[in-house]
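First comes the structure, then the notes that go with it.
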Amino acid sequence: MQFASLYPLVYRILKPTFPKCLWCGDPNSKTIALTFDDGPHPQYTPELLAVLDRYNIKASFFWLGVCVNRNPVIAKTICDRGHWIGLHSYDHRNFPMLSSTELQQSLEKTQAAIHNACNLQPSQVRDVRPPNGLFTPETLKLLRQWNYRAVMWSVVPEDWVRPGVTTVVQRVLQQVQNGSLIVLHDGACGGQDVAATAESLIPQLLQQGYQFVTVDTLWQQAVLR
């Protein structure tokens, strides 16, 4: 069962309920962020990176520690190209199912994997997107306590169920607006289509006048407002 039509409603409910998370950027600025979860992947991520390079787009990647350990060269390439790096847990276990110790270890193991691959210090990689978007108030409290920043989303085209590139692109174009934080996937689920999706989506968004920025820029906009 697909739930793509429900995500805009969920977003409208959760955004005001949990205002300390990053849900979007400045609604008065024609800037948007492309973000990619579940990588890096040995095939899909390089294909995606080639598209981003072609359009000179800087994106944000939320990595699984286990995938970074498997693909350190690809991880370093992404980092060296100036893309923003965040955490998506070590092995995609849902945060509410973890004890506080397990959650902390998952994040720290992922930071360690990124440090080994990219030489980024843990203090440089503190944006966290919960797997499957699942969190609790206690989860957010712990993340703040440990000096992480919770990053959510405003446009979720549910690409991981592979409804087709055309459908994913249409869903994004129907929902995108100033400050949108768009979630796509370059991992095992959905990554098969991610390069083709980006190739179709990016020029259409550029034609509409959108500027692509990283999650860090959206945070700066949020602080300034």
Side-chain angles (χ1 to χ4, degrees), residues 1-16 21-41 43-64 78 83-84 86 88 92 127 129-134 151-215 217-218 221:
M1 182 179 296
Q2 296 187 27
F3 298 97
S5 62
L6 297 179
Y7 283 105
L9 175 61
V10 173
Y11 163 73
R12 288 194 293 271
I13 294 172
L14 293 181
K15 181 177 180 288
C21 302
L22 183 68
W23 294 94
C24 62
D26 186 351
N28 298 311
S29 173
K30 211 165 177 63
T31 52
I32 57 176
L34 274 182
T35 70
F36 300 93
D37 291 0
D38 294 355
H41 187 278
Q43 177 183 347
Y44 309 143
T45 303
E47 292 172 350
L48 169 63
L49 192 59
V51 177
L52 297 176
D53 284 350
R54 186 153 55 249
Y55 291 99
N56 194 27
I57 298 298
K58 292 294 182 285
S60 302
F61 290 81
F62 289 84
W63 282 341
L64 298 173
I78 293 171
H83 299 288
W84 189 253
H88 198 45
H92 213 274
D127 285 327
R129 174 175 284 148
N132 299 310
L134 298 177
V151 177
M152 302 304 175
W153 35 260
S154 62
V155 179
V156 185
E158 207 178 20
D159 61 322
W160 64 88
V161 299
R162 300 192 67 194
V165 171
T166 300
T167 297
V168 172
V169 170
Q170 287 176 343
R171 288 172 177 172
V172 174
L173 294 177
Q174 287 169 358
Q175 297 178 40
V176 71
Q177 55 188 308
N178 289 358
S180 284
L181 209 170
I182 303 165
V183 178
L184 296 170
H185 294 76
D186 63 325
C189 296
Q192 300 91 335
D193 301 325
V194 71
T197 298
E199 182 64 62
S200 175
L201 185 60
I202 288 172
Q204 295 187 68
L205 292 171
L206 288 171
Q207 188 174 25
Q208 292 183 27
Y210 287 107
Q211 176 187 357
F212 291 87
V213 299
T214 66
V215 161
T217 298
L218 295 192
Q221 291 177 351

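In this chain, residues are counted from 1 in sequence order.
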Which pair of heavy atoms, one from [X] and one from [Y], lies closest together, and at what distance?
X      : Y      : value
Tyr7   : Trp153 : O-CZ3, 4.0 Å
Leu22  : Cys24  : CD1-O, 3.4 Å
Pro203 : Ala198 : CD-O, 4.1 Å
Gln175 : Pro8   : OE1-CG, 3.6 Å
Ala195 : Val51  : O-CG2, 3.7 Å
Leu181 : Met152 : CD2-O, 3.7 Å

Q: Could you label the plane-to-plane angle of the His88 and His92 rings as parallel, tilted or perpendicular, counting under 30° as parallel and over 60° as perpendicular?
A: perpendicular
Q. Can a donor-acceptor pair be found between the side chains of Gln43 and Glu47 at a distance below 3.5 Å?
A. yes
(Q) Could you walk me through whether Leu201 and Leu173 satisfy the side-chain contact (heavy atoms from CB on, under 4.5 Å) test, starting with their C-alpha distance in whole Å, then the side-chain angles of each, then the deciding distance to 0.1 Å, before giving a yes or no? (A) CA-CA 8 Å; Leu201 185 60; Leu173 294 177; 3.8 Å; yes
Q: Kindly indicate, with the supporting measurements, whether the criterion side-chain contact (heavy atoms from CB on, under 4.5 Å) is fulfilled by Arg129 and Thr35.
A: CA-CA 10 Å; Arg129 174 175 284 148; Thr35 70; 2.9 Å; yes
Q | Pairs meeting criterion ring pair (Phe, Tyr, Trp, His ring centres under 6.0 Å) with involvement of residues 180-201, two or more places apart | A | Trp160-His185
Q: Kindly state each residue pair satisfying ring pair (Phe, Tyr, Trp, His ring centres under 6.0 Å) with at least one member in residues 195-214, sequence neighbours excluded.
A: none
Q | Result of checking Thr217, Asp127, Thr214 against Trp84 for side-chain hydrogen bond (donor to acceptor under 3.5 Å, both in side chains) | A |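 Going through Thr217, Asp127, Thr214 one by one, the side-chain hydrogen bond (donor to acceptor under 3.5 Å, both in side chains) with Trp84 is satisfied by Asp127 alone.
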(Q) By the definition side-chain hydrogen bond (donor to acceptor under 3.5 Å, both in side chains), identify the one residue from Asn28, Asp26, Thr31 that meets it with Gln221. (A) Thr31
Using 0.5 Å steps for rounding, measure from the [atom1] atom of [X] to the [atom2] atom of [Y].
X      : Y      : atom1 : atom2 : answer
Gln211 : Leu205 : CD    : CG    : 13.0 Å
Arg12  : Ser154 : CZ    : OG    : 11.5 Å
His83  : Leu48  : NE2   : CG    : 7.5 Å
Trp63  : Asp37  : CH2   : CG    : 12.5 Å
Leu49  : Arg54  : CG    : CZ    : 10.5 Å

Q.
Set out, in order, the CA-CA distance, both residues' side-chain angles and the distance that settles side-chain contact (heavy atoms from CB on, under 4.5 Å) for Val151 and Leu218, then state yes or no.
A. CA-CA 10 Å; Val151 177; Leu218 295 192; over 6 Å; no
Q. Under the side-chain hydrogen bond (donor to acceptor under 3.5 Å, both in side chains) test, which residues partner Asn178, sequence neighbours left out?
A. none
Q.
Can you list everything that forms a side-chain hydrogen bond (donor to acceptor under 3.5 Å, both in side chains) with Gln204? Sequence neighbours excluded, please.
A.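 Partners of Gln204 under the side-chain hydrogen bond (donor to acceptor under 3.5 Å, both in side chains) test: Ser200.
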Q. Counting N and O atoms only, with roles assigned by atom type, does the side chain of Thr45 sit under 3.5 Å from a partner on the main chain of Gly39, one being a donor and the other an acceptor?
A. no
Q) If you look only at pairs with a residue in residues 188-197, which of them pass as a side chain to side chain donor-acceptor pair (under 3.5 Å), with sequence neighbours excluded? A) Arg162-Asp193
Q: Only pairs at least two apart or in different chains count here, so list each salt bridge (charged side-chain N to carboxylate O under 4.0 Å, His left out) that has a residue in residues 178-190.
A: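 Matches after skipping sequence neighbours: none remain.
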Q: Before giving the answer on side-chain contact (heavy atoms from CB on, under 4.5 Å), spell out for Ile202 and Leu34 the whole-Å C-alpha distance, their side-chain angles and the decisive distance to 0.1 Å.
A: CA-CA 9 Å; Ile202 288 172; Leu34 274 182; 4.0 Å; yes
